[in-house]
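One structure is given below, encoded as structure tokens.
Just so you know, ligand 1 is whichever comes first in the structure, and atom 1 is the first atom listed for that ligand. Note: hydrogens, waters and symmetry copies are ignored here, and every other heavy atom, side chains too, is used. Quick caveat: nothing in here was measured; it's all calculated off a predicted structure. If you read the sequence from its start, that first residue is 1, and numbering goes on from there.
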Amino acid sequence: SKDQICHEDYQRTASWLLSHTEHRPKVAIICGSGLGMLADALKCQDSFPYSDIPGFPQSTVQGHAGRLVFGELKGKTCVCMQGRFHMYEGHSLSKTTFPVRVFKLLGVETLVVTNAAGSLADSYQVGDIMIIKDHINVLGLAGLNPLNGPNDDKFGPRFPPMSCVYDKDLRKMAFDLCKSMGVTQFVQEGVYCMVGGPNFETVAEARLLHRLGVDAVGMSTAPEVVVASHCGMRVFGLSLITNKVVKSYDDGEPVNHEAVLEVSKLRSQTLQSLVTELVSQMDINNNTA
Ligand SMILES: Nc1nc2ncn(CCNC(CO)CO)c2c(=O)[nH]1
């Protein structure tokens with residue numbers, strides 16, 4: 001069917017990119033809402049609006065620029081998505097995760113995924129950075145999975161394991177970095193849950209997720225991580241806590257997207273330093289942390 005993406009589609013986009021930049025990235029970074037400034041740290045940039053890239057979907061969300069930026073972070077070649085795709089924009093899940101497989105064809109071995117999220121854990125504060133330890137993919141549990149359909153054996157197995165996705169060594173490295181940066185007072189490690197959106201959760205839904213042990217909730221990330229893990233990439237993820245999820249019926253004012261973007265500015269420097277240092281410490285070649 002028209003939205004069934006075939007291997008040639010990924011190859012066509014990868015070939016276009018390989019012929020438009022000399023950069024050969026080993027690390028891909030996906031910037032979440034308002035976190036596009038991570039791309040500004042890249043040196044010797046080659047950047048392309050998504051609209052120029054054949055086969056790329058278009059970004060439609062405020063705070064998601066819609067540019068693919070190649071460059072160097074402390075000597076490590078990276079490709080950075082300034083703006084990601086969400087299912088709630090109307091993209092199929094295979095479209096939202098299309099860039100991940102293209103990155104694989106470019107030679108990327110590690111995916112760093114970031115997002116803005118609401119916190120359910122009571123101890124979390126707005127402005128915290130949560131290192132993602134694991135995720136609950138509510139959509140996947142209900143059968144909405146980017147891997148649905150015929151398996152592309154060139155990328156990975158029909159039934160991929162998903163029990164050790166968020167690389168332990170990278171999480172430890174990130175935590176040690178936070179210690180050396182003196183920012184552990186607002187660094188957490190927890191479970192991220194992806195819901196479909198675009199509405200924010202009801203109080204009953206928030207309470208359900210809290211009961212399920214979810215620490216932070218968002219509308220992205222899980223599909224990209226499933227596809228990255230399927231094709232053998234190492235994955236590191238972090239959530240910027242932009243608001244506390246409303247869990248009671250007599251709570252303050254409801255959450256809004258503008259407030260989400262506001263908080264991103266608060267932590268942009270710390271996030272940029274953390275991701276930059278983490279990438280520079282990764283031993284890219286033989287895939288060891
Ligand atoms: N309660 C709640 N708070 C949140 N803050 C950020 N996000 C991530 C979703 N971000 C959307 C809207 O800002 C844009 O992709 C959420 C969420 O999904 N739920």
Side-chain angles (χ1 to χ4, degrees), residues 29-38 50 57-67 81-93 95-97 99 113-132 135-142 144 146 186 188 190-225 237-268 271:
I29 302 167
I30 299 179
C31 301
S33 295
L35 302 179
M37 77 318 239
L38 288 173
Y50 292 162
Q58 299 311 304
S59 266
T60 66
V61 179
Q62 187 200 354
H64 288 258
R67 270 188 343 147
M81 281 179 71
Q82 266 192 331
R84 62 140 58 84
F85 309 115
H86 311 81
M87 194 181 75
Y88 64 70
E89 294 175 73
H91 301 303
S92 66
L93 279 175
K95 266 287 182 192
T96 62
T97 57
V113 61
T114 69
N115 60 54
S119 62
L120 284 160
D122 297 323
S123 60
Y124 286 24
Q125 299 302 320
V126 169
D128 280 1
I129 293 170
M130 183 185 85
I131 294 171
I132 302 176
H135 73 229
I136 293 177
N137 179 8
V138 170
L139 279 69
L141 296 178
L144 257 174
F186 54 75
Q188 310 284 357
V191 174
Y192 173 87
C193 176
M194 183 223 188
V195 297
N199 63 284
F200 291 108
E201 313 73 34
T202 66
V203 170
E205 288 163 348
R207 286 179 171 176
L208 166 73
L209 295 177
H210 187 43
R211 244 176 235 280
L212 295 177
V214 172
D215 295 300
V217 57
M219 303 174 188
S220 71
T221 301
E224 297 103 308
V225 167
L238 58 83
S239 296
L240 174 64
I241 301 303
T242 54
N243 53 285
K244 286 173 140 337
V245 176
V246 176
K247 287 190 291 191
S248 77
Y249 291 101
D250 49 14
D251 218 325
E253 73 280 358
V255 57
N256 63 74
H257 188 56
E258 288 64 35
V260 167
L261 295 179
E262 263 317 294
V263 177
S264 311
K265 293 183 194 130
L266 178 79
R267 285 282 180 250
S268 56
L271 284 166

So which heavy atom on [X] is nearest to which on [Y], and how close?
| X | Y | result |
| --- | --- | --- |
| Ala116 | Leu35 | N-CD1, 4.5 Å |
| Lys95 | Phe85 | O-CD1, 4.3 Å |
| Ser33 | His257 | OG-CE1, 3.9 Å |

Checklist entry - Using a 4.0 angstrom limit on heavy atoms, which residues are close to ligand 1? => result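 Within 4.0 Å of ligand 1, the protein residues are Ser33, His86, Tyr88, Ala116, Ala117, Gly118, Phe200, Glu201, Val217, Gly218, Met219, Thr242, Asn243, Val245, His257, Val260.
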
Item to check | Val225 and its side-chain contact (heavy atoms from CB on, under 4.5 Å) partner, picked from Val113, Thr97, Ile30, Ile132 | outcome: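 That would be Val113; it is the only one of Val113, Thr97, Ile30, Ile132 passing the side-chain contact (heavy atoms from CB on, under 4.5 Å) with Val225.
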
Next on the checklist: Using side-chain heavy atoms (C-beta onward) and a distance below 4.5 Å, is Tyr192 in contact with Ser220?
Outcome noted: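 Heavy-atom side-chain distance check passes, below 4.5 Å.
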
Sequence neighbours left out, cut at 3.5 Å: what donor-acceptor pairs do the side chains of residues 118-126 make with other protein atoms?
| residue | atom | partner | partner atom | Å |
| --- | --- | --- | --- | --- |
| Asp122 | OD1 | Lys247 | NZ | 2.6 |
| Tyr124 | OH | Glu189 | O | 3.4 |

